[in-house]
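First the structure, in the form of structure tokens, and then the observations on it.
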Amino acid sequence: MPAISFLLVGAVPPAFSQAGGNTAFETDRAFDAGSGIALDAVTPVQVDNLAMLGKVWGFLKYHHPLITAGGRQWDYELLRIMPRMLAAPDRAACDAVLQDWIAGLGKLAGCDPCAVPAQGELHLRPALQWLDDESLLGAGLRADLRHIYLRRPASGSQFYLRLHEQVGNPVFEHEPAYPDLMLPDAGFQLLALFRFWNIIEYWAPYRDMTGENWDDVLRQSLPRIALARDRASYQLEMMAVIARLHDTHTNLWSSLHVRPPVGQCQLPVKLRFIDDSAVVVGHREAGAATRLQVGDVIASVDGVPVAQLVTAWRPYYAASNEAARLRDMAGKLTAGACGEARLQIRRGLEEVELTAQRVSAGRQAGADTHDREGKTFQRLGDNIAYLKLSTLKRADVAAQMAAAAGSRGLIIDIRNYPSEFVVFALGAYLVDRPTEFARFTKGDPGNPGAFHWTGTEVLRPQAPHYAGKVMLLVDEVSQSRAEYTAMALRVAPRAKVVGSTTAGADGNSSPFSLPGGLSTLISGIGIFYPDRRPTQRVGIIPDIEVRPTLAGIRAGRDEVLEAAIAEIRRQ
């Protein structure tokens, strides 16, 4: 067995007390200075046992009445039991440790009424088949866990989360960030993995769309997380775990500085992947002496081919689809140490080697959009109106639609992130009857892991109705609110979506903390079409697919906008 060292502080948990409103969660300070768990390696048996500990810990967190009432500092209970689990020589010993742990929580009180499994038509049912798996659990442990499941109070209250009163996405509570944690700390690092893994297991509406076996993710990630040797490697390994959720919403937002390429500076140019080539599409600083021109294809950075960089970085870029992943890589491709970067580029038919200066990223413009420069509302000639949502305010919708009245067609540019939520304010002018456009799924605190279908969302008409054609422009920068807006507005009778697949991440976000002062979030509700087709990872599929070309970039053309204009002009 590899060397293990433990600091066995607070080995006896404090009693649960309601005196003065203080719970064990608030008064248990046993591991404030760290877990005391250090690992040099983990054996296959330890991986098996720790993975089972993580699953059981999460099950108890959301099902055992004492824990769902806040009767233990459940993070610290994990740290108390972890040394015994690491020392367990086999699965039978693992089961014995877990049974003893459960017994220590006390006898369950009666529940009247008890919770019953989620009823009716569900999108997702709890993934609890493992409770009856004889290959994973011994008979005694199976009986203990099943008993807890059947003796849950019907109230469905949860100490670690509540559902948002209006939207219904989970609001995570009592998930400490432990910002002063000294790393490495194998115990707290495993706590981070278990916390994230179980939040996905029970509260992520798209857990069936990851394309991964979520149990395999737990087992495969466990050694890398446990053995991370410093803060940066711990953050990077957590980023790799999070990326396997394949949700563009979900990243380690507090730690993007550790994602490759690492550096405080980058070239002051805008890049975009066009046909898998990294293409310069603009400059971030007027007059910047980069020597790079719009339309240049960057083939290598500091001697490493771009294709090789993309392959090496892919595990750390969380994204629902490849379009969103390449979008994010393009934003960081030239990052690195301040100073000179060596580039190999293709310029027309020439291969050119040059150097360019990286400058502070803080000096450069913010999020990229692909919409048209200029005012929010524009006339494009030939009786065509143009409206971009990156600067549209809800209070101005009526005036902008009045300005568009009588035009042959209206182009609504959503190749951006809408500045305000205008779905219903704008959509009311585009439909001539009540029209369904989406339905949601929401979690169930009484049955963790279950997701129920809701009723449909509806656009309702408002006079004056806009009678012209409507073209909705989207691409890989269209994400979340932009995607929801596009799926709503496309139900207009004469609307078409033009462009390319969007980022594939929709649903109100639910943030939470991870040990070490880290922060992440999940898509908190599921967003589907009325017929229950998914948008997650799929994105908004255009009716007219148009992608920018290298020739178009070099000629300064907006080929997506041109296609929309052509469709409006077409009889």
Starting at [atom1] of [X], measure out to [atom2] of [Y] and round the result to the nearest 0.5 Å.
{"X": "D558", "Y": "R372", "atom1": "CG", "atom2": "CZ", "answer": "8.0 Å"}
{"X": "I225", "Y": "W197", "atom1": "CD1", "atom2": "CH2", "answer": "14.5 Å"}
{"X": "C338", "Y": "Q266", "atom1": "SG", "atom2": "CD", "answer": "10.0 Å"}
{"X": "L426", "Y": "L410", "atom1": "CG", "atom2": "CG", "answer": "7.5 Å"}
{"X": "L218", "Y": "E201", "atom1": "CG", "atom2": "CD", "answer": "9.0 Å"}
{"X": "T485", "Y": "I414", "atom1": "OG1", "atom2": "CD1", "answer": "6.0 Å"}

How about Y206 and F451: are their ring centres within less than 6.0 Å of each other?
no

List the atom of [X], the atom of [Y], and the distance in Å for their closest heavy-atom pair.
{"X": "V498", "Y": "M471", "value": "CG2-SD, 4.0 Å"}
{"X": "P184", "Y": "A228", "value": "CB-O, 3.5 Å"}
{"X": "A192", "Y": "L514", "value": "O-CD2, 3.8 Å"}

Side-chain contact, heavy-atom cut-off 4.5 Å: [X] with [Y]?
{"X": "I345", "Y": "L292", "value": "yes"}
{"X": "V310", "Y": "L326", "value": "yes"}
{"X": "I525", "Y": "K442", "value": "yes"}
{"X": "R358", "Y": "Q264", "value": "no"}
{"X": "E351", "Y": "Q344", "value": "yes"}
{"X": "L343", "Y": "V352", "value": "no"}
{"X": "L430", "Y": "I412", "value": "yes"}
{"X": "H370", "Y": "E476", "value": "yes"}

Between [X] and [Y], is there a donor-acceptor pair closer than 3.5 Å when you use the side chain of the first and the backbone of the second?
{"X": "N251", "Y": "W253", "result": "no"}
{"X": "R394", "Y": "F421", "result": "yes"}
{"X": "T210", "Y": "E212", "result": "yes"}
{"X": "D432", "Y": "A467", "result": "no"}
{"X": "K388", "Y": "Q378", "result": "no"}
{"X": "Y417", "Y": "V477", "result": "no"}
{"X": "N198", "Y": "G54", "result": "yes"}
{"X": "E483", "Y": "S480", "result": "yes"}
{"X": "T248", "Y": "A503", "result": "yes"}
{"X": "R537", "Y": "M209", "result": "yes"}

Under 4.0 Å between a Lys/Arg side-chain N and an Asp/Glu carboxylate O for R490 and D543?
yes

Salt bridge or not between R342 and E340? Use side-chain N to carboxylate O under 4.0 Å.
no

Going through the distances and angles, do S407 and Y466 end up as a side-chain hydrogen bond (donor to acceptor under 3.5 Å, both in side chains)?
CA-CA 9 Å; S407 60; Y466 180 77; 2.7 Å; yes

Working note: D247 + S523, criterion side-chain hydrogen bond (donor to acceptor under 3.5 Å, both in side chains); need CA distance, chi angles, decisive distance, verdict.
CA-CA 8 Å; D247 184 349; S523 299; 2.9 Å; yes

Distance-only check: which donor-acceptor pairs under 3.5 Å involve side-chain atoms of residues 329-336, not counting sequence neighbours?
from: K332; atom 1: NZ; to: L256; atom 2: O; distance (Å): 3.3
from: K332; atom 1: NZ; to: R259; atom 2: O; distance (Å): 2.8
from: K332; atom 1: NZ; to: P261; atom 2: O; distance (Å): 3.3
from: T334; atom 1: OG1; to: L267; atom 2: N; distance (Å): 3.1

Regarding Y178 and S513, is there a side-chain donor-to-acceptor distance under 3.5 Å anywhere?
no

Knowing that exactly one of R224, R244, R229, R231 qualifies, which makes a salt bridge (charged side-chain N to carboxylate O under 4.0 Å, His left out) with E237?
R224

Determine, for W214 and R207, whether the Lys NZ or Arg CZ falls below 6.0 Å from the six-membered ring centre while staying within 45 degrees of the axis.
no

Mind checking what makes ring-ring contact (aromatic ring centres under 6.0 Å, His included) contact with Y202, not counting sequence neighbours?
Y62, H63

Which class fits the ring pair Y484 and F440: parallel under 30°, tilted 30 to 60°, perpendicular over 60°?
tilted

Under 6.0 Å from the CG atom of D230, do we count more than 12 heavy atoms belonging to anything else shown?
yes

Identified side-chain hydrogen bond (donor to acceptor under 3.5 Å, both in side chains) partner of T391 from the options T376, N416, D371, D396:
T376

